[in-house]
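So the structure is just underneath, and the comments pick up after that.
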Amino acid sequence: MDKLVVEGGVALNGEVRISGAKNCALPLMAATLIASGKHGFSNVPRLRDIKTMGSLLAHMGAVCEHETDYEIDTSDIHTLTAPYELVKTMRASVLVLGPMLARYRRARVSLPGGCAIGARPINLHLKALEQMGVDIVLEHGYVVGEARRLRGAEIRFEQVTVTGTENIMMAACLADGVTVLKNAAREPEVVALADYLRLMGAQIEGEGADEITITGVGELRPSRCEVIPDRIEAGTYLVAAAITGGSLRLTGLRHEHVRTVLEKLVDAGVSIEIGEGFVDVRGNGRVCSVNVETQPYPGFPTDMQAQFMALMAVGDGVSLIKERIFENRFMHVLELERMGADIELDGRTAMVRGVKKLSGAPVMATDLRASASLVLGALAAEGTTEINRIYHLDRGYEAIEKKLSAVGARIRRVSGRGE
Ligand code: EPU
């Protein structure tokens, strides 16, 4: 297993270009199943999760090529199963359920099971599909869905779910009649998916608000689009500048997508300047401790909670960090404590008492964003940190050690065998 070795204490300086968003590219790739033919996407990041989705589509008969753009030809889909081996490595594989049901009226998708950040069931996806007339049975660890026709329905999600909203929005595109999604997710990735579906000929209104209306059409056709910038990668580099007391210019991002993160950084005493196509961020010594509560978009993203906790670990006071989306997304706490952080957990709240310095230590990555928080802690720490199990990072951060070393970080990947 590869590990990252980081010698901390360098203020980062320079420019970082933000990559395309994994959580935008994945649903777009799944959406190709709805319309037979050649689809193309630009700005697709080179990440393990993208490869996994490519393998899943290839397993089903699609031809996928990632050159400059990502090309997917879905003319010859022959298998309507998403197997356990692929779904277990990436929950987002469930995104093929809606498109398969829309086009083929049949799908067999492995249940994802638990993951490092909580139980994360897909009951809300399934309930909505049942409301649209899909018969769902669970057999041998698989969800098997079948419908003679999909019919439009009024669906209220009990809880905001991002991939749930995406799955049902895709299913509804070819359903009979009108589907109304209430309490829908408002994430920019949902909006980007609606934009692509519309390019394919779908009739969708209201995305970006909490009520989305989809009027079913007879058929969709393939198209091309660009993946939006990764707002979580952007947020992570914003924190990297702040935590090292450095100065970075981030390009290729959409500042409006990171608004709540920028606001919290400003509250913490970090300087932010927004320009045409860039955001400049400058750390000003020790940050002020601020409280954070994760919420669905446009609130503070759960995918930035761990990274913000690393920053608060070296804050000048006490910070309360509440995780409202996932019940168990605090796996990074024990690892940050190994680096000298002072954090007390009480249910869904972490009380972080800022320390002057973190100290380098061997630590272990447990999920994607937890891993990012350890890299951030390591960049600020005194001495050397070894981060093990970094395959998690490779799922979601394109060329992270290259991007960081280009702005001065002393970080290198060491390949190793076994764990
Ligand atoms: N939930 C249910 N039942 C469902 C669906 C969701 O109880 O049927 C619960 C979940 O357990 C969770 C909450 O609802 O407590 C919200 O989960 P959501 O469904 O929104 O999460 P997701 O769609 O599986 C996406 C991102 C995650 C991100 C969350 C929240 C993708 C591919 N994944 O997951 O990204 O954390 O939304 O914003 O878009 C990451 O990139 O590291 C990542 C985990």
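Numbering of ligands and ligand atoms starts at 1, following listing order.
There is a side-chain donor-acceptor pair under 3.5 Å between His125 and Asn167. For the 3.5 Å distance criterion, the side chains of Tyr397 and Arg369 qualify, holding a donor opposite an acceptor.
Every atom of ligand 1 with a heavy atom of His125 under 4.0 Å away is listed here by number and element: 8 (O). Atom numbering of ligand 1 starts at 1 in the shown order; those under 4.0 Å from a heavy atom of Lys22 are 40 (C), 41 (O). Heavy-atom contacts of Leu368 reach the following atoms of ligand 1: 42 (O) (cutoff under 4.0 Å). Taking a cut-off of under 4.0 Å to the non-hydrogen atoms of Ile122, the atoms of ligand 1 that pass are 4 (C), 8 (O). Listed by number with element, the atoms of ligand 1 under 4.0 Å from a non-hydrogen atom of Ala92 are 32 (C). Listed by number with element, the atoms of ligand 1 under 4.0 Å from a non-hydrogen atom of Thr302 are 30 (C), 36 (O), 38 (O).
Looking at heavy atoms from C-beta onward, Val144 lies out of side-chain contact with Ile136 at the 4.5 angstrom threshold. Cys225 places a side-chain heavy atom less than 4.5 Å from the side chain of Leu28.
Residue pairs that meet the side chain to side chain donor-acceptor pair (under 3.5 Å) test with at least one member in residues 168-191, sequence neighbours left out, are Arg149-Asp176, Glu154-Lys182, Glu189-Arg231.
Here atom 21 (O) of ligand 1 lies nearest to Phe326 when heavy atoms of Tyr297, Phe326, Phe157 are compared. Among Met90, Gln159, Glu189, the residue whose heavy atom lies closest to atom 9 (C) of ligand 1 is Gln159.
Two rings, from Phe41 and Tyr196, have their centers less than 6.0 Å apart.
For ligand 1, the polar-atom distance check finds no N/O of Glu187 at less than 3.5 Å from any of the ligand's N/O atoms. Among the atoms of Glu327, none of the N or O lies under 3.5 angstrom from an N or O of ligand 1.
Residue contacts with ligand 1: Val160 is included, with a non-hydrogen atom under 4.0 Å away.
Evaluated for a side-chain hydrogen bond (donor to acceptor under 3.5 Å, both in side chains) with Thr294, the options Arg329, Glu323, Lys322, Gln305 yield exactly one hit, Glu323.
Both the backbone and the side chain of Thr161 come within contact range of ligand 1, each with a heavy atom under 4.0 Å. Under 4.0 Å from ligand 1, the heavy atoms of Arg329 that appear belong solely to its side chain. Contacts between Pro121 and ligand 1, counted as non-hydrogen atom pairs separated by less than 4.0 Å, involve both the backbone and the side chain. Contacts between Asp303 and ligand 1, counted as non-hydrogen atom pairs separated by less than 4.0 Å, involve the side chain only.
A salt bridge links Lys3 with Glu386: at least one charged nitrogen is closer than 4.0 Å to a carboxylate oxygen.
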Can you give me every donor-acceptor pair (side chain of residues 54-66, partner residue at least two apart or in another chain, under 3.5 Å) with its distance?
{"from": "Ser55", "atom 1": "OG", "to": "Lys51", "atom 2": "O", "distance (Å)": "3.0"}
{"from": "His66", "atom 1": "NE2", "to": "Val44", "atom 2": "O", "distance (Å)": "3.4"}

